[in-house]
Each structure stands twice: as structure tokens, then as C-alpha cells.
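Here the structure comes first, spelled out in C-alpha cells, and everything after it is commentary.
Source: prediction; values computed, not measured.
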Amino acid sequence: MKKVSVIVPVYNSSKYLEECINSVIKQSYKNLEIIIVNDKSTDNSLSIINSFNDKRIKVINLKENSGVSIARNKGVEVSTGDLICFLDSDDYWNLKKIERQVKFIKNKAFIYSDYEFLKGTKRHRVKVPKTITYKEAIKNTTIFTSTVMFNMEYLTKEDIYMPNVKLGQDSSTWWKVLKKAGIAYGENDVLSIYRVGERSLSSNKIRSAIGTWKILKMEDLNVLYRIYCFICYIKNAVKRRI
């Protein structure tokens with residue numbers, strides 16, 4: 001049975017953290033290591049983490065607040081799983097998320113799935129493409145971090161380390177992986193729930209757009225093509241919320 005490493009970066013996430021962690025502990029697939037990286041939280045997040053009594057949980061306490069990229073990378077660094085997933089601390093999973101993806105990822109390097117935006121009591125499903133390439137992904141940031149799974153049979157930890165930028169570090173990483181893997185595969189089942197409006201950074205559409213432009217500038221693209229990709233990104237971002 002494949003071992004799955006689940007990496008949960010945490011910073012002042014006490015409001016939804018218990019629900020997030022429970023959605024991992026209660027997964028139908030049991031061969032997990034749950035790596036919770038506390039990014040120097042100043043609320044009671046650490047107390048909530050320590051309240052769980054599950055031998056699969058490993059807690060890493062960073063000495064200073066370092067940002068989500070470094071927190072995720074630290075989790076990747078210490079991970080020992082055959083497969084690696086990320087779960088943001090204000091999101092949660094369908095309880096069969098891991099089971100479904102372990103079956104789906106066979107002979108694939110990189111997979112993702114449909115998800116739901118959750119704002120208050122309102123839900124909106126996002127259907128993802130069944131496949132995506134690098135050239136498609138730089139025009140459409142549809143892959144949501146808490147839906148991905150990486151197969152470490154085909155990838156190295158260096159492949160999935162995220163750049164230390166405030167926004168867009170996840171999309172930039174997917175692009176890097178796609179350059180190596182060639183293609184990623186989407187599953188049209190809602191396996192993750194994305195809370196809208198709880199993030200101080202990514203819920204801000206203007207800052208998200210600026211972040212996307214900055215990571216596009218990190219790619220080896222000519223200016224006109226970069227502008228074209230950015231316009232496509234804006235159109236696709238609007239479609240996801242309709």
C-alpha cells in the first residue's frame with residue numbers, strides 16, 4: 001500500500017483548523033503521514049494541533065514566520081511518502097479524497113481534481129480540465145493546491161519545492177512540474193473544499209492578478225506572449241467564479 005504524505009502549512013488558522021485536520025485523520029485511506037508545519041502562529045493554532053492524538057501526525061514548529069512556500073517546502077523536505085499532497089489549513093477534504101486519488105494516479109506523475117468554492121453557506125463547483133499541459137496551465141490557473149497529488153516515483157522533491165514568493169507560488173510550481181512531466185490529469189469529482197474570503201492574500205483579486213503577472217515574468221516567455229497568457233488567465237479566473 002502506497003504511503004501518502006499530507007503537508008498542512010498553518011499560520012493563525014484556529015477558526016477552521018480542527019475541521020481541516022479531521023478531514024485528513026478521517027480519510028478512508030489510512031496509510032498516511034500528516035506533516036503539520038506551524039509557521040510561528042500567534043493564535044491558539046498550536047494548541048489545536050497538539051490536541052490531536054494520532055501517531056501519524058508530525059508537527060514542525062518553525063522558529064520564525066517564514067511564509068507558506070517555506071512551510072510547504074519544509075514539509076516536503078521531511079516527507080517520506082510515495083505520494084505527496086498539500087492541504088491548506090482553512091480548507092478541507094472529501095473523506096475519500098486520498099482513496100480516490102491513489103487509484104487515479106497510477107502511472108501518472110501529477111493529478112488534481114474538481115473542487116468547490118465555499119463562501120458562507122454558498123457553494124460553487126469548479127470543473128477542471130481532464131488534462132492540462134504547461135502551455136495550457138500558464139493561461140489557466142485552475143489547479144487548486146488542496147486538490148493536487150504528486151507521484152514521487154516520477155518526481156524529485158526538488159521538482160515540487162515552491163518559490164519563495166507571496167502569491168502564485170503554487171501555480172509556478174505546477175508549471176515547473178509540467179515542464180518535466182508533460183501533462184497532468186484531472187478527476188471530475190469534488191474532492192476538496194476551498195474557503196473563499198478567509199485568505200488575506202489570495203482572496204484579493206487585484207493582488208492575485210499582480211502575483212500571477214509576476215510569476216509569468218519568471219517564465220521564459222516573450223513579452224507579447226506573456227501578455228496574451230495573462231489576458232487568458234483573467235478570462236479563465238472570471239469563468240471559474242460564474
Side-chain angles (χ1 to χ4, degrees), residues 3-81 83-102 112-126 144-150 162 169-170 189-204:
K3 182 179 182 181
V4 181
S5 298
V6 180
I7 297 165
V8 185
V10 174
Y11 178 68
N12 290 352
S13 306
S14 58
K15 187 173 182 181
Y16 297 114
L17 185 56
E18 185 174 355
E19 183 178 21
C20 169
I21 296 173
N22 271 321
S23 78
V24 184
I25 289 174
K26 295 179 180 179
Q27 286 289 306
S28 58
Y29 191 89
K30 301 301 182 185
N31 191 21
L32 309 175
E33 65 172 359
I34 305 163
I35 304 169
I36 302 176
V37 186
N38 176 32
D39 193 15
K40 196 68 174 178
S41 294
T42 57
D43 65 357
N44 66 330
S45 291
L46 184 57
S47 296
I48 293 170
I49 294 166
N50 289 335
S51 71
F52 285 90
N53 183 23
D54 192 306
K55 293 180 180 179
R56 298 172 297 173
I57 293 177
K58 301 176 182 179
V59 182
I60 299 172
N61 290 300
L62 300 186
K63 293 181 179 180
E64 59 182 25
N65 179 245
S66 302
V68 69
S69 295
I70 290 176
R72 288 180 184 143
N73 290 348
K74 186 62 180 178
V76 171
E77 182 184 328
V78 303
S79 66
T80 61
L83 308 167
I84 294 179
C85 299
F86 299 108
L87 175 59
D88 287 345
S89 55
D90 45 4
D91 301 323
Y92 63 95
W93 281 343
N94 178 307
L95 297 185
K96 291 192 175 182
K97 192 260 191 191
I98 299 293
E99 179 185 349
R100 292 294 303 270
Q101 289 197 307
V102 168
Y112 55 94
S113 76
D114 287 2
Y115 56 96
E116 283 185 343
F117 284 123
L118 176 61
K119 187 171 185 178
T121 58
K122 295 182 179 179
R123 293 175 179 264
H124 173 65
R125 178 173 179 171
V126 176
F144 168 42
T145 307
S146 294
T147 73
V148 305
M149 178 178 278
F150 292 118
M162 297 193 174
Q169 67 284 131
D170 44 5
D189 282 306
V190 174
L191 300 180
S192 300
I193 309 301
Y194 179 114
R195 291 189 191 276
V196 179
E198 300 300 329
R199 296 164 169 76
S200 60
L201 290 176
S202 59
S203 61
N204 185 308

Rounded to the nearest 0.5 Å, what separates atom CD1 in Ile25 from atom CG in Asn53?
9.0 Å
Side-chain heavy-atom pair Leu62, Lys74 within 4.5 angstrom cut-off
yes
Would you find a donor on one side and an acceptor on the other, under 3.5 Å apart, between the side chain of Asn73 and the backbone of Met162?
yes
Residue pair Ile36 / Ile57, side-chain heavy-atom distance below 4.5 Å:
yes
Does any part of the side chain of Val24, heavy atoms only, come nearer than 4.5 Å to the side chain of Leu87, both counted from C-beta?
yes
Evaluate the side chain to side chain contact (heavy atoms under 4.5 Å, CB included) criterion for residues Ser41 and Val10: first the C-alpha distance (whole Å), next the side-chain angles of each, then the deciding distance (0.1 Å), finally the verdict.
CA-CA 7 Å; Ser41 294; Val10 174; 4.0 Å; yes
In the structure I gave you, are the side-chain heavy atoms of Val78 and Ile35 within less than 4.5 Å of one another anywhere?
yes
Do Ile34 and Phe52 touch side chain to side chain, with heavy atoms closer than 4.5 Å?
no
Heavy-atom check, side chain of Ile48 versus side chain of Leu17, under 4.5 Å
yes
When rounded to the nearest 0.5 angstrom, what distance separates OG in Ser69 from CD in Gln169?
4.0 Å
Scan Thr42, Asn44, Asn38 and name whichever one has a side-chain hydrogen bond (donor to acceptor under 3.5 Å, both in side chains) with Asn12.
Thr42
Qualifying residue for ring-ring contact (aromatic ring centres under 6.0 Å, His included) with Phe144, from Phe117, Tyr115, Phe86
Tyr115
Yes or no on side chain to side chain contact (heavy atoms under 4.5 Å, CB included) for Val8 and Cys20, after CA distance, side-chain angles and deciding distance?
CA-CA 9 Å; Val8 185; Cys20 169; 4.1 Å; yes
Using side-chain heavy atoms (C-beta onward) and a distance below 4.5 Å, is Trp93 in contact with Ile98?
yes
Steps toward salt bridge (charged side-chain N to carboxylate O under 4.0 Å, His left out) verdict (Asp90, Lys15):
CA-CA 8 Å; Asp90 45 4; Lys15 187 173 182 181; over 6 Å; no
Worked verdict on Glu33 versus Lys58 for side chain to side chain contact (heavy atoms under 4.5 Å, CB included)
CA-CA 7 Å; Glu33 65 172 359; Lys58 301 176 182 179; 2.6 Å; yes
Gln27 side chain vs Lys97 backbone, donor-acceptor pair below 3.5 Å:
yes
Step-by-step salt bridge (charged side-chain N to carboxylate O under 4.0 Å, His left out) determination, Asp88 to Arg72
CA-CA 10 Å; Asp88 287 345; Arg72 288 180 184 143; 2.8 Å; yes
Is the backbone N or O of Tyr11 less than 3.5 Å from a side-chain atom of Ser13, with the two atoms forming a donor-acceptor pair by type?
yes
Kindly determine whether Asp91 and Ser192 satisfy side chain to side chain contact (heavy atoms under 4.5 Å, CB included), including the steps that lead there.
CA-CA 7 Å; Asp91 301 323; Ser192 300; over 6 Å; no
So, the side chain of Ser14 versus the backbone of Asp43: is there a donor-acceptor pair under 3.5 Å, distance only?
no
Distance from Glu19 atom CD to Arg195 atom CZ, nearest 0.5 Å?
4.5 Å
Just how far is it from atom CD of Gln101 to atom CZ of Phe150, taken to the nearest 0.5 Å?
11.0 Å
Measuring only between side-chain heavy atoms, which start at C-beta, is Asn31 closer than 4.5 Å to Arg56?
no
So NZ of Lys3 and OG of Ser79: to nearest 0.5 Å the spacing works out to 9.0 Å
Hey, does the side chain of Asn65 reach the backbone of Asp39 with a donor-acceptor pair shorter than 3.5 angstrom?
yes
Basic-acidic side-chain contact under 4.0 Å: Arg125, Asp114
yes
Can you confirm whether the side chains of Asp170 and Thr145 place a donor and an acceptor under 3.5 Å from each other?
yes
Donor-acceptor pair, Ser23 side chain versus Ile21 backbone, under 3.5 Å?
no
What's the spacing between Lys30 NZ and Glu99 CD if we round to 0.5 Å?
10.0 Å
